[in-house]
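This report refers to the structure that appears directly beneath it.
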Amino acid sequence: MERNMIEKKFEQFAAAVGRGGASVSGPATFGDICAGLGVPESDMDLYLRDNFGLSGPDILKVYEGGIPLYLL
């Protein structure tokens, strides 16, 4: 995926995570969020790993668990 496009999708990803990614059946998974944004999981995961050093599912665990980023 083109760099500009994945950065725009990341902004939407961050907004979705900030809203809690809730669904009727509970918290959304990384795959659910990516599907909702129309971005392949692998592309978003690569972007997150390259920029933050964590996988998408790990970022969700950190956010949902309230783990301070300085502990990573």
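Looking only at distances, no side-chain donor or acceptor of Asp45 sits under 3.5 Å from a matching main-chain atom of Ser55. Between the side chain of Lys9 and the backbone N or O of Gly38 there is no donor-acceptor pair closer than 3.5 Å.
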Start with the C-alpha gap between Ile33 and Leu60, add the side-chain angles, then the distance that decides, and say whether side chain to side chain contact (heavy atoms under 4.5 Å, CB included) holds.
CA-CA 10 Å; Ile33 294 171; Leu60 289 182; 4.0 Å; yes

Would Ile6 and Met44 satisfy side chain to side chain contact (heavy atoms under 4.5 Å, CB included), going step by step from the backbone distance to the final call?
CA-CA 7 Å; Ile6 194 70; Met44 183 60 74; 4.2 Å; yes

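For the atom pair CE (Met5) and NZ (Lys8), the distance works out to 6.0 Å, reported to the nearest 0.5 Å. Here the straight-line distance linking atom CZ of Phe10 with atom CZ of Arg3 works out to 10.5 Å at 0.5 Å rounding.
Atom CE of Met1 sits in a crowded spot, with more than 12 heavy atoms from other residues, nucleotides or ligands closer than 6.0 Å.
Smallest separation of non-hydrogen atoms from Gly56 and Phe30: CA-CE1, 3.4 Å.
Criterion: ILVMFWY side-chain heavy atoms under 4.5 Å apart, direct or through other members. Under it, Phe52 and Leu46 are not part of a common hydrophobic cluster.
Between Val17 and Ile59, the closest side-chain pair of non-hydrogen atoms is not below 4.5 Å. By the 4.5 Å heavy-atom criterion applied to side chains, Val39 and Tyr47 are not counted as neighbours.
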